[in-house]
Amino acid sequence: MQTGHRSGPLGSTEGQHRFKPGLRVREALAPMRLYLPHYGAIEMRARADLGPDGMAALWLIGWEDRPEDSGEITVMEVFGRSITEEGAQLGHGIKAITDPRLVTDFADPLVPFDVADWHVYAAEWTPDSVSFLLDGEVLRHVAQSPDYPMQLMLDVFAFADVGTAGRDRPNSFSIDWVRGHVVAEVQQT
């Protein structure tokens with residue numbers, strides 16, 4: 001699920017989330033702005049059942065009407081291969097992508113929790129910083145902040161190169177709710 005999209009003309013390199021050099025637009029899209037907060041809190045109550053090939057994630061990316069407005073706030077990401085009896089590596093933080101004003105500050109510590117149980121993942125985004133929380137407890141605080149509207153991205157992935165040996169069910173990501181408490185929002189034009 002994503003709350004907006006924008007691309008350049010067919011064949012161009014203009015577009016969103018250019019996480020790898022050389023990406024080209026294969027299908028031009030008319031701009032869509034459904035929900036693009038600029039600061040606030042994002043919360044999600046969810047659980048996941050992931051095999052070694054799976055990943056579940058909630059993140060925000062810049063809408064990139066200016067190419068440098070490309071940073072990412074990763075509220076949460078969990079790879080199935082990182083789940084152990086002790087817990088799971090819970091990825092969260094800021095990724096600069098191609099924003100020269102940001103520095104990637106991302107962590108994925110082993111957190112003693114069961115990703116298959118219901119949990120609330122959150123990010124509190126202010127003009128100066130972003131705090132990351134799990135079940136109301138602050139995991140860490142990052143002293144930088146993207147200063148532009150961002151869209152929400154929510155997905156469960158299956159990576160074909162990892163394989164699912166011994167697993168008889170697909171990856172799943174169950175979402176009870178996603179909430180945004182917005183300070184300012186870009187209106188659709």
Side-chain angles (χ1 to χ4, degrees), residues 1-5 16-17 19 33-50 54-64 69-83 87-99 101-159 171-186:
M1 179 212 61
Q2 61 189 68
T3 63
H5 60 70
Q16 296 177 291
H17 217 34
F19 55 89
R33 297 174 180 234
L34 297 176
Y35 176 69
L36 278 77
H38 190 165
Y39 307 127
I42 303 298
E43 302 174 304
M44 172 184 68
R45 184 171 185 263
R47 65 182 178 189
D49 180 13
L50 303 171
M55 181 180 112
L58 171 65
W59 70 107
L60 295 105
I61 62 168
W63 200 69
E64 294 187 60
D69 292 352
S70 61
E72 176 180 316
I73 298 173
T74 305
V75 179
M76 64 79 71
E77 71 177 26
V78 174
F79 287 86
R81 67 178 181 266
S82 79
I83 299 171
Q89 288 179 260
L90 178 55
H92 56 280
I94 302 286
K95 294 179 183 176
I97 309 297
T98 60
D99 184 339
R101 300 157 297 189
L102 296 174
V103 175
T104 295
D105 189 346
F106 183 84
D108 61 348
L110 181 64
V111 177
F113 80 114
D114 185 351
V115 71
D117 292 337
W118 289 104
H119 294 282
V120 176
Y121 304 89
E124 296 175 352
W125 173 27
T126 72
D128 302 315
S129 64
V130 182
S131 295
F132 299 90
L133 301 89
L134 175 65
D135 296 327
E137 299 293 322
V138 175
L139 295 169
R140 66 194 276 269
H141 181 78
V142 175
Q144 62 177 327
S145 174
D147 183 20
Y148 37 83
M150 302 183 92
Q151 70 186 52
L152 225 60
M153 307 284 283
L154 177 64
D155 208 345
V156 61
F157 300 86
F159 299 99
N171 296 301
S172 68
F173 194 21
S174 300
I175 312 302
D176 187 23
W177 46 258
V178 176
R179 296 180 181 148
H181 310 278
V182 179
V183 174
E185 185 176 78
V186 174

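The structure displayed is predicted, hence computed values, not measured ones.
A pairwise comparison of heavy atoms in Met76 and Val78 identifies CE-CG2, 4.0 Å as the closest pair. In terms of heavy atoms, Ser129 sits closest to His141 at OG-CE1, 3.0 Å. Counting all heavy atoms, side chain and backbone alike, Ala46 lies closest to Phe173 at CB-CE1, 3.8 Å. Considering every non-hydrogen atom in both Ser82 and Leu110, the closest pair reads O-CD1, 4.5 Å. The two residues Trp177 and Glu43 make their nearest non-hydrogen contact at CZ3-CB, 3.7 Å. The nearest pair of heavy atoms linking Gly62 to Met150 is N-CE, 3.6 Å.
Here the straight-line distance linking atom CG of Leu58 with atom CD1 of Ile175 works out to 7.5 Å at 0.5 Å rounding. Separating the CD1 atom in Ile73 from the CG atom in Leu152 is a distance of 10.0 Å, to the nearest 0.5 Å. We find the OG1-CD1 distance between Thr104 and Ile94 to be 9.0 Å, quoted to the nearest 0.5 Å. Distance check: Thr3 OG1 to Arg33 CZ gives 11.5 Å after rounding to the nearest 0.5 Å. Atom CG in Asn171 sits 11.0 Å away from atom CE in Met55 (nearest 0.5 Å). Note that NE2 of His38 is 7.0 Å distant from OG of Ser145, once rounded to the nearest 0.5 Å.
Although no hydrogens or angles enter the test, the distance criterion places a donor-acceptor pair under 3.5 Å between the side chain of Trp125 and the main chain of Pro146. Put simply, the side chain of Asp108 never gets that close to the backbone of Leu90: no donor and acceptor are under 3.5 Å apart. No donor-acceptor pair under 3.5 Å is formed between the side chain of Thr98 and the backbone N or O of Ser70. Although no hydrogens or angles enter the test, the distance criterion places no donor-acceptor pair under 3.5 Å between the side chain of Thr74 and the main chain of Trp59.
Aromatic ring orientation, Phe79 versus Phe159: parallel (interplanar angle below 30°, classes split at 30° and 60°).
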**Message:** Does Leu134 form a side-chain contact (heavy atoms from CB on, under 4.5 Å) with His92? I'd like the steps, not just the answer.
**Reply:** CA-CA 10 Å; Leu134 175 65; His92 56 280; over 6 Å; no

**Request:** Quick one: do Leu154 and Met44 satisfy side-chain contact (heavy atoms from CB on, under 4.5 Å)? Show the steps, please.
**Result:** CA-CA 10 Å; Leu154 177 64; Met44 172 184 68; 3.6 Å; yes

**Message:** Could you go through Val156 and Leu50, starting from their C-alpha distance and side-chain angles, then the distance that decides it, and tell me whether this counts as side-chain contact (heavy atoms from CB on, under 4.5 Å)?
**Reply:** CA-CA 9 Å; Val156 61; Leu50 303 171; 4.0 Å; yes

**Asked** Going through the distances and angles, do Thr126 and Tyr39 end up as a side-chain contact (heavy atoms from CB on, under 4.5 Å)?
**Response** CA-CA 5 Å; Thr126 72; Tyr39 307 127; 5.5 Å; no

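Applying the side-chain contact (heavy atoms from CB on, under 4.5 Å) rule to Gln2 yields the partners His5, Gln151, Met153; only residues at least two apart in sequence or on another chain are considered. Under the salt bridge (charged side-chain N to carboxylate O under 4.0 Å, His left out) criterion, Asp128 pairs with no residue at all, not counting sequence neighbours. Phe113 pairs by the ring pair (Phe, Tyr, Trp, His ring centres under 6.0 Å) definition with His119, not counting sequence neighbours.
A salt bridge does not link Asp147 to Arg101: none of the charged side-chain nitrogens sits closer than 4.0 Å to a carboxylate oxygen.
Residues Met1 and Val178 form no side-chain contact, since every pair of their non-hydrogen atoms from C-beta on lies 4.5 Å or further apart.
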